[in-house]
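By convention in this document, chain letters (A, B, ...) are assigned in the order of the sequence lines, proteins followed by strands, and residues within each chain are numbered from 1. The structure displayed is predicted, hence computed values, not measured ones.
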There are 2 protein chains.
Amino acid sequence: MKIKVGIVDDHQLFLRSLSLMLNSSRNYKVVIEATNGQHLKDKIYAIPELPDIMLIDVSMPVMDGQSTAAWMNRDFPSIKLVALSMNDKDIFVINMIKAGCCAYLLKDISPKDFETALDDVSTKGFHNSDVCNARRLMKYEEGVVKLTENEKKFLQYACTDMTYKEIANLMFLSERTIDGYRASIFQKLNVETRVGMAMEAVRRELVRI
Amino acid sequence: MKIKVGIVDDHQLFLRSLSLMLNSSRNYKVVIEATNGQHLKDKIYAIPELPDIMLIDVSMPVMDGQSTAAWMNRDFPSIKLVALSMNDKDIFVINMIKAGCCAYLLKDISPKDFETALDDVSTKGFHNSDVCNARRLMKYEEGVVKLTENEKKFLQYACTDMTYKEIANLMFLSERTIDGYRASIFQKLNVETRVGMAMEAVRRELVRI
DNA sequence: ATACACAACGAGTTATTTCCCCTTTTTATA
DNA sequence: TATAAAAAGGGGAAATAACTCGTTGTGTAT
C-alpha cells in the first residue's frame with residue numbers, strides 16, 4: 001500500500017519535479033499538488049482520496065506555510081503535516097511546529113534522508129531532524145524579548161528618520177513617556193544608543209523594514 | 001540529439017528531482033550535478049561530456065552562484081549559463097547577468113515555461129523573462145548610490161552601538177572627517193538622522209547586518 | 001488591605017548628534 | 001598644467017538623545 005502524499009509549494013518547478021520523483025518510487029503516490037495554501041483549500045475537497053502526509057512549504061505567497069499548516073491541522077487533524085523549507089531560522093521552525101507540523105525538513109536534504117523522514121512520519125508519527133532540537137528552540141523562546149504594545153509601536157517609529165519629539169506627538173504621549181519606552185527597550189535589547197536599538201530590532205526581526 | 005544539461009543547486013531534493021524530470025523528458029540529458037560551485041569545479045573535469053547548458057542556483061553555500069557563473073564563463077565560455085533562483089531582486093539578476101548568464105529563471109516557473117526557456121537558450125542563445133527587463137535594471141543601476149571606500153567603512157560602523165567619537169578613533173580619523181562622511185551619506189541617502197541613515201542602509205543592503 | 005509591577009508623566013543635566021562656518025591636501029580630468 | 005572636484009581636517013553652536021532623579025494612578029497577586 002503506497003503512502004499518499006500531498007505537496008504545497010509555490011516553486012512550480014520544484015513541486016512538479018518532486019511530485020514526479022515521489023510518484024516514480026514504489027512507496028509513494030502524490031494525490032494533491034498546490035502552489036499555495038489558498039490553492040490547496042480550493043482543491044482538497046474535490047479529490048477522491050486524502051493524503052496521509054502533507055508536505056508544506058514555509059514561505060509562499062497568498063497564504064503562507066504557517067497559516068496553511070494551522071488550517072490543515074484544524075480541518076484535517078488526521079493528516080500528518082511536514083514542513084519543507086530552505087530556511088532553518090528558529091522562528092520558522094517554532095512557528096511550523098506550533099502550527100501542528102510533526103517534522104521540519106530542509107530542502108538541502110538528500111532524497112535518501114527525505115524518504116527516511118517520510119517513513120518515520122508514516123510509522124512513528126513524527127521525525128526529529130537537527131533543526132528541531134528541542135533544547136535550542138526552548139532557549140530561543142527564552143531569548144525572545146517581551147515588549148509591551150506601546151513599546152512595540154514606539155520601536156517601529158524609533159526605526160525611522162523621526163525625532164523622539166515627533167514620535168511623541170504622533171503617539172499622543174509626552175516626551176517623558178517615550179523616553180521611558182526607550183530606556184526600557186535599551187535594557188531589554190542590551191544597547192546604549194538609538195542606532196544600536198534600531199539595528200538590534202532589525203536583527204531580531206522586531207520591526208518591519 | 002538531446003540537449004546536455006548541468007545543474008548546480010544546494011537543495012539536494014530539488015537538484016535530484018529536477019534532474020529526474022529532465023532525464024525523463026525526450027529532449028534533455030543531465031550530464032553533471034553539483035551542490036555548490038566548488039563541488040562543480042571538483043567534478044567537471046572528470047566527466048565524459050560537457051553540458052550545453054549549465055543551470056546555476058544563485059544562493060549557495062561555499063561558492064555562490066555569481067562566483068560560479070563567473071568562473072564557468074571564463075573557463076568554459078562555450079557553455080550557456082542559466083541562473084535559477086527563487087529571488088527576483090534586481091541586484092541578484094544584475095549580478096548573474098554580469099557574471100555571464102544568458103537567462104534568469106525563477107523557481108516558481110512552470111515546467112512548460114521552463115522547457116521553453118531552455119529551448120530558447122539552446123537555439124537563440126538567450127531567453128528574456130520578465131525579471132530581465134533591461135529598462136528596469138538600468139533604472140536600478142542609476143538609483144544605486146555610489147559611496148567612497150571610507151564612507152562605506154564608516155557606514156558599517158555607523159550602523160552599530162558606537163558613537164561617532166569611537167568610530168573616529170577606530171578609523172584613525174578626526175571627528176570632523178567622520179562628520180564629513182556622515183553629511184555626505186545623509187545627502188546621498190536623503191535622510192536627516194543617524195537612525196534614518198542606518199535603516200536606509202539596511203533597506204538598500206549597503207551594510208552587513 | 002497591602003505590597004508589587006508597571007505604564008504614564010515631569011524637571012533638570014550631560015552627552016551626542018547635527019549643522020553652520022571654514023582651510024588644506026589629494027585626486028581626477030579637461 | 002590648470003582647474004575643478006573630492007577627501008580630510010577644524011571651531012563652535014543648536015538640536016537631539018540619553019540619563020538621573022522623582023510622582024501618580026492602575027491593575028493584580030498575596
Side-chain angles (χ1 to χ4, degrees), chain A residues 141-209, chain B residues 98 140-209:
Chain A
E141 288 255 83
E142 275 173 26
V144 173
V145 295
K146 305 233 179 299
L147 302 181
T148 68
E149 281 310 307
N150 271 349
E151 282 173 353
K152 282 182 205 169
K153 208 179 292 180
F154 159 76
L155 183 56
Q156 194 66 49
Y157 291 134
C159 293
T160 70
D161 227 11
M162 282 187 279
T163 67
Y164 288 145
K165 192 185 287 190
E166 290 173 315
I167 297 172
N169 289 334
L170 201 61
M171 292 180 71
F172 300 106
L173 292 171
S174 89
E175 287 184 59
R176 305 304 143 212
T177 306
I178 290 299
D179 192 52
Y181 298 154
R182 177 202 56 76
S184 167
I185 298 178
F186 271 29
Q187 239 187 347
K188 290 178 183 177
L189 296 186
N190 189 32
V191 293
E192 292 177 314
T193 67
R194 184 172 167 183
V195 189
M197 171 173 67
M199 295 306 289
E200 198 56 34
V202 170
R203 225 168 275 126
R204 303 194 191 196
E205 301 183 85
L206 300 172
V207 289
R208 299 180 297 279
I209 308 175
Chain B
K98 278 186 180 170
Y140 175 87
E141 288 254 85
E142 273 171 30
V144 172
V145 296
K146 304 231 178 301
L147 302 181
T148 68
E149 281 311 307
N150 271 348
E151 281 173 355
K152 282 183 203 168
K153 207 178 291 179
F154 159 76
L155 182 57
Q156 193 66 48
Y157 291 133
C159 293
T160 70
D161 226 12
M162 284 187 278
T163 66
Y164 288 149
K165 192 186 285 189
E166 291 174 314
I167 296 172
N169 289 333
L170 201 61
M171 291 180 72
F172 301 106
L173 291 171
S174 89
E175 287 185 61
R176 305 299 145 203
T177 306
I178 291 298
D179 191 53
Y181 297 154
R182 177 202 55 77
S184 165
I185 298 177
F186 271 28
Q187 237 186 350
K188 290 178 182 177
L189 296 186
N190 190 32
V191 294
E192 290 177 316
T193 66
R194 183 171 166 182
V195 187
M197 170 174 69
M199 295 306 289
E200 198 55 36
V202 170
R203 225 167 276 126
R204 303 195 190 194
E205 300 184 84
L206 299 173
V207 288
R208 299 179 298 278
I209 309 176

Does a nitrogen or oxygen in the side chain of A/Arg182 sit under 4.0 Å from OP1 or OP2 of D/dC19?
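Yes, because at least one side-chain N or O of A/Arg182 sits under 4.0 Å from OP1 or OP2 of D/dC19.
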Distance check: side-chain N/O of B/Asn150 vs OP1/OP2 of D/dA8, anything under 4.0 Å?
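Looking at the OP1 and OP2 atoms of D/dA8, one of them is under 4.0 Å from a side-chain N or O of B/Asn150.
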Protein and nucleotides 24-27 of chain C: nitrogen or oxygen contacts under 3.5 angstrom:
none

Starting at atom [atom1] of [X], determine the distance to atom [atom2] of [N], rounded to an integer number of angstrom.
| X | N | atom1 | atom2 | answer |
| --- | --- | --- | --- | --- |
| B/Met197 | C/dT18 | CE | P | 7 Å |
| A/Glu149 | C/dC6 | CD | P | 16 Å |
| A/Arg194 | D/dA15 | CZ | C1' | 13 Å |
| A/Lys153 | C/dA7 | NZ | C1' | 14 Å |
| A/Phe186 | D/dT20 | CZ | C1' | 15 Å |
| B/Tyr181 | D/dA8 | OH | C1' | 7 Å |
| A/Glu192 | C/dT17 | CD | P | 12 Å |
| B/Gln187 | C/dT18 | CD | P | 15 Å |

B/Thr193 to B/Phe186 - nearest heavy-atom pair and separation
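For B/Thr193 and B/Phe186, the tightest heavy-atom pair comes out as C-CZ, 3.3 Å.
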For residues 157-174 of chain B, which residue pairs qualify under salt bridge (charged side-chain N to carboxylate O under 4.0 Å, His left out), counting only residues two or more places apart or in two chains?
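Passing the test, one end in residues 157-174 of chain B: no pairs.
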Tell me, which pairs form a salt bridge (charged side-chain N to carboxylate O under 4.0 Å, His left out) where one or both residues lie in residues 179-195 of chain A, sequence neighbours left out?
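Counting only pairs at least two positions apart or across chains, the salt bridge (charged side-chain N to carboxylate O under 4.0 Å, His left out) contacts touching residues 179-195 of chain A are A/Glu151-A/Lys188, A/Asp179-A/Arg182.
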Within 6.0 Å of CG in B/Asn169, more than 12 heavy atoms from elsewhere:
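Atom CG in B/Asn169 is crowded, with more than 12 foreign heavy atoms closer than 6.0 Å.
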So how far is it from A/Asn150 CG to A/Leu173 CG, rounded to the nearest 0.5 Å?
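The CG atom of A/Leu173 is 6.0 Å from CG of A/Asn150, to the nearest 0.5 Å.
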Can you tell me how far apart CD1 (A/Ile178) and CE (A/Met171) are? Round to the nearest 0.5 Å.
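Rounded to the nearest 0.5 Å, the CD1-CE separation comes to 5.0 Å.
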Could you tabulate the donor-acceptor pairs under 3.5 Å formed by side-chain atoms of residues 195-209 of chain A, not counting sequence neighbours?
residue, atom, partner, partner atom, Å
A/Glu200, OE1, A/Arg203, NH1, 2.5
A/Glu200, OE2, A/Arg204, NE, 3.0

Go through it in stages, so that I can follow the logic: the residues are B/Glu149 and B/Lys152, the test is side-chain contact (heavy atoms from CB on, under 4.5 Å), and I'd like the CA-CA distance, side-chain angles, deciding distance and then a yes or no.
CA-CA 5 Å; B/Glu149 281 311 307; B/Lys152 282 183 203 168; 3.3 Å; yes
What are the residues of residues 162-177 of chain B, sorted by number, that bring a heavy atom to within less than 4.0 Å of DNA chain C?
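Only B/Thr163, B/Tyr164 qualify.
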Just checking A/Ser184: base, sugar-phosphate only, or nothing, at a heavy-atom cut-off of under 4.0 Å?
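If one applies the 4.0 Å heavy-atom cut-off, A/Ser184 turns out to touch nothing in the nucleic acid.
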Non-neighbouring partners of B/Tyr164 that pass ring-ring contact (aromatic ring centres under 6.0 Å, His included), sequence neighbours left out:
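Result, ring-ring contact (aromatic ring centres under 6.0 Å, His included) vs B/Tyr164: B/Phe154.
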Select from B/Thr193 and B/Asp179 the residue whose nearest nucleotide in DNA chain D is closer to the 5' end of that strand.
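Its nearest nucleotide lies further toward 5', so the answer is B/Asp179.
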